Amino acid sequence: MRPADVVAKDILGAYLIRNVNSKMKAVVKIVEVEAYMGVKDKGSHSYGGRITERNKTMYLEGGVFYVYKIYGIHYCLNVVVNKKDMPHAVLIRAVEPIKGLEIIEKNRGFKENTKNLTNGPGKLSQALDIDLRFNGSNVGDKELYISEDGKVEDEQIISAKRINIDYAAECKDLLLRFYLKGNKFISAK
DNA sequence: CTCACGATTAGA
DNA sequence: CTAATCGTGAGA
């Protein structure tokens, strides 16, 4: 397996597919991600080798989802990468609806302003009905999986500082956030 | 006490 | 339009 920054750029532009009862309900394109680089990354839940009930799935062999609850309300979807006990992860920050828009609208509770449906980590989780059920599930699981299609050219990828990790000292300025150039569904800020 | 967030309210 | 505020629960 590879480190989170490499995988982050790799899954940018890939499709995330949500099935319910084996029926395809929604397909979205991953347009914004952040990499969290394990025990040396002060922005990561796994900084310093910390292991808790919440983040223990980060320590599994790469290829599973890490879903956690933040601020008591919202869920965030990550992909765990790298080897067992190498707690790297990629946070999926924003997606673009491709199919199943009506399901996404239903989950979010409104229809107007389409770009506001999935342009943030908590929003996309609600839009695709993602919660702790998927914590630790395999990225090839039929209910929620990532398609390898949709690769993009390097020049379409913008690198930037990560968001809302001001507490992470010197790590906060690392360019570990990646998004698709010109895409309308990038999160605010 | 803070936080890998988002909705709502208040103000300009 | 922007800024401030707050809900909510895990973790330190």
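Keep in mind the model is a prediction, meaning the values are calculated, not measured. A, B, ... follow the sequence lines: proteins, then strands. Residue 1 opens every chain.
- Counting any heavy atom pair closer than 4.0 Å across all strands shown, I165(A) reaches sugar-phosphate atoms only and no base atom.
- Shown here are the salt bridge (Lys or Arg N to Asp or Glu O under 4.0 Å) partners of E153(A), two or more places apart in sequence or in another chain: there are none.
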Exercise. Go through the steps to decide whether L60(A) and K84(A) satisfy the test side-chain contact (heavy atoms from CB on, under 4.5 Å), and finish with yes or no.
Key: CA-CA 5 Å; L60(A) 299 174; K84(A) 188 174 188 301; 5.8 Å; no
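- Remark: K29(A) NZ to S147(A) OG distance equals 12.0 Å, nearest 0.5 Å.
- Looking at residues 30-57 of chain A, you'll see R50(A), T52(A), E53(A), R54(A) sit with a heavy atom under 4.0 Å from some atom of DNA chain C.
- In the 5' to 3' direction, nucleotides of DNA chain C lying under 4.0 Å from heavy atoms of chain A begin and end at dG7(C) to dA12(C).
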Quiz item: Do T57(A) and N135(A) pass the side-chain hydrogen bond (donor to acceptor under 3.5 Å, both in side chains) test, and can you show the C-alpha distance, the side-chain angles, and the key distance before you say yes or no?
Solution: CA-CA 7 Å; T57(A) 61; N135(A) 190 29; 3.1 Å; yes
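- Of the candidates L16(A), V67(A), I17(A), L144(A) forms a side chain to side chain contact (heavy atoms under 4.5 Å, CB included) with just one, namely L16(A).
- Per the geometry, OH belonging to Y71(A) stands 10 Å off C1' belonging to dG6(B), to the nearest Å.
- A salt bridge does not link K184(A) with E96(A): none of the charged nitrogens is closer than 4.0 Å to a carboxylate oxygen.
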Donor-acceptor contacts under 3.5 Å from residues 120-132 of chain A side chains, at least two apart:
residue	atom	partner	partner atom	Å
K123(A)	NZ	N116(A)	OD1	2.8
K123(A)	NZ	N119(A)	OD1	2.9
S125(A)	OG	Y75(A)	O	2.9
S125(A)	OG	P121(A)	O	3.0
Q126(A)	OE1	R108(A)	NH1	2.8
Q126(A)	NE2	N107(A)	O	3.3
D131(A)	OD1	R133(A)	N	2.9
D131(A)	OD1	R133(A)	NH1	3.1
D131(A)	OD2	R133(A)	NH1	2.9

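- Spacing between atom CG of L77(A) and atom P of dG6(B) amounts to 13 Å, rounded to whole angstrom units.
- Comment: E61(A) does not engage K83(A) in a salt bridge, judged by the lack of any side-chain N to carboxylate O separation of less than 4.0 angstrom.
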Set out, line by line, the N/O atom pairs under 3.5 Å between protein and nucleotides 7-10 of chain B.
residue	atom	partner	partner atom	Å
dA7(B)	OP1	R108(A)	NH1	3.0
dA7(B)	OP1	R108(A)	NH2	3.0

Quiz item: Reading DNA chain C 5' to 3', how would its secondary structure be written in dot-bracket notation, given Watson-Crick and G-U pairs with both distances under 3.5 Å, brackets [ ] for crossing pairs and | for partners on other strands?
Solution: |||||||.|||.
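- If you take OG1 on T118(A) and CD1 on I92(A), they are separated by 12.0 Å, rounding to the nearest 0.5 Å.
- In this structure a side-chain-to-backbone donor-acceptor pair under 3.5 Å is present from N19(A) to K142(A).
- Position along DNA chain B of the nearest nucleotide to D166(A) versus G122(A) favours D166(A) as the more 5'-ward residue.
- Between atom NZ of residue K56(A) and atom CD1 of residue I51(A) there is a gap of 8.0 Å, rounded to the nearest 0.5 Å.
- We find that K161(A) and D173(A) are joined by a salt bridge, their nearest charged nitrogen and carboxylate oxygen being less than 4.0 Å apart.
- Judged by a 6.0 Å distance limit and a 45° cone about the ring axis, R162(A) is positioned over the six-membered ring of Y36(A).
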